Protein chains: 2
Amino acid sequence: MIESDDQTGFIPSSDGRIARGEITREKVLDAAERCFAMTGFDAVTVRQIAREAKVTLGVVGFHGGNKETLFLTVLKRRVETLNTLRLERLEELKAQSEPTIESLISAYVTPYLEIASRGDPQWRAYAMLVARIVSDDRYYLEMAPLYDPVARVYLAELAKLRPDADPQLLATSLTLTVSAMISIVASQARIAGLSDTAAPDLPLAYKDVLIDFCTGGILRALEPK
Amino acid sequence: MIESDDQTGFIPSSDGRIARGEITREKVLDAAERCFAMTGFDAVTVRQIAREAKVTLGVVGFHGGNKETLFLTVLKRRVETLNTLRLERLEELKAQSEPTIESLISAYVTPYLEIASRGDPQWRAYAMLVARIVSDDRYYLEMAPLYDPVARVYLAELAKLRPDADPQLLATSLTLTVSAMISIVASQARIAGLSDTAAPDLPLAYKDVLIDFCTGGILRALEPK
DNA sequence: TGACATTTTATACAATCGTACAGACAGTTA
DNA sequence: TAACTGTCTGTACGATTGTATAAAATGTCA
């Protein structure tokens, strides 16, 4: 049904070092990323992914393995990038001046919003996928070792600013911040629905509200009674 | 395999007006509620629901209809109750004194936390199910007419308190509040994971932090720059 | 009692699922 | 060229899916 695309069978042998299937592999991972982001793990069919990637069924298995393996591969593929962005922002922050709660929140939140707002639909899909799995405890055990370390770094910075604050209160505050951040990307339909005017669709447009909301929230939550 | 239970075939014919299958119907809906809450729509099997309800496969279809119909029935079954609770709280509030942002947030958030903290595992399951669908735009169109009207009532109250605030800012603030509330129930594993101490598992225990966080957040988000 | 409506059982069905694999194909190396 | 490795196609498999339905069971009512 679908005509063979331009690059079918093309191999970048100029270098000779790039494995022949590397391009196909990425097509598969990209397609899987889009599919999983759209409807979640269970609703997605391996055949759907194949169709989306414009490859045959067997290729998905060849490059992606198990459906579950494929899912985890997709998730882990970009974790490093996001984590690095967050840590870099933090370092810049600390190099310039003393961090504040607001600037910490900004440093944590901005990379994710930027990723979700990029032109690249692939990064946007990844952002939605993250939103999907973060709000589901089923995946927590699998995902915790990937994301929590960076969260703990930020948690430590918050603790430096509020040495007397209850650690559990700090953890809760950060979790609430994360879920607020996530909902900017995941619940855009609801935001647009409750505003009667057409709401902007780029997550970055909500950056200031989000940062204000989370900063104000943390400040008040940590305030000694 | 499973022995016939105590009440198999029992009919409350004392009244005679209660349909014979009403008990079975509720067993099916309850089981479906628990299953859908646990893993979401797509991962659940009609046969799983039947097993959970301790009825045969056909009974699920007889009382619940389609899998999708069953899902919607389960969702709609308790909406009225939750909405009423929220509106009652609001009325009490307005009767006593002038509402504040904090008291409004409390009135909106508390019923949900209480429902999720009840001993009744069924209500708890419903709370988790709501958390699942709220954070998924796939269900928004179906759910908006059920939940949004009450949200709009609260939105109007907020607007009364801050007449000059941008309506879109108000809508965003409320959405962030909702997602924070939801995450208290849905992301308990993550909260517990980031706190190193064992965190309490009753959502109501987080009521104060949540209200502080959301009020502080809204106050700062609405603050004129 | 016997006709009746409702509920439950048991089974069947086509469709689709994830996975596996033999063979065709392509490009590299000897 | 021939052997070889990595990639891809096509198809097949058993398992499981959602749904439908005939027949049995159950309780009601005349």
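Chain letters run A, B, ... following the sequence lines, proteins first and then strands; every chain starts at 1. Note that this is a predicted model, so its numbers are computed, not measured.
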Rounded to whole Å, the CZ-C1' distance (A:Arg51 to C:dC17) equals 13 Å

What ring pair (Phe, Tyr, Trp, His ring centres under 6.0 Å) pairs are there with at least one residue in residues 170-202 of chain B, not counting sequence neighbours? none

Report the distance from atom CZ of A:Arg25 to atom P of D:dG6, rounded to the nearest whole Å. 16 Å

I need a per-nucleotide contact map over nucleotides 12-24 of chain D, read 5' to 3'. Cutoff is protein heavy atoms under 4.0 Å; write B for the base, S for backbone only, - otherwise. -----BBB-----

Over all heavy atoms of both residues, which pair between A:Asp137 and B:Ser187 is shortest? Give the atoms and the distance, please. OD1-CA, 3.6 Å

Whole-Å distance separating the CZ atom of A:Phe62 from the C1' atom of C:dC25: 13 Å

B:Ala127 and B:Tyr112 have their tightest heavy-atom pair at O-OH, 2.8 Å

Look at A:Glu33 together with A:Arg78 and state whether they make a salt bridge at an N to O cut-off of under 4.0 Å. yes

Tell me whether B:Asp42 is salt-bridged to B:Lys67, with the criterion being a basic N under 4.0 Å from an acidic carboxylate O. no

Measure the distance from CD on B:Glu22 to P on D:dG27 and round it to the nearest whole Å. 17 Å

Which nucleotide, D:dT9, C:dT8, D:dC8, lies nearest any side-chain atom of A:His63? D:dC8

Does the side chain of A:Thr24 get closer than 4.0 angstrom to OP1 or OP2 of D:dT7 through an N or O atom? no

Given atom CD of B:Glu26 and atom P of C:dT7, what is their separation to the nearest angstrom? 14 Å

Suppose we screen for ring-ring contact (aromatic ring centres under 6.0 Å, His included). Which residues come up paired with A:Tyr108, at least two apart in sequence or across chains? A:Tyr154

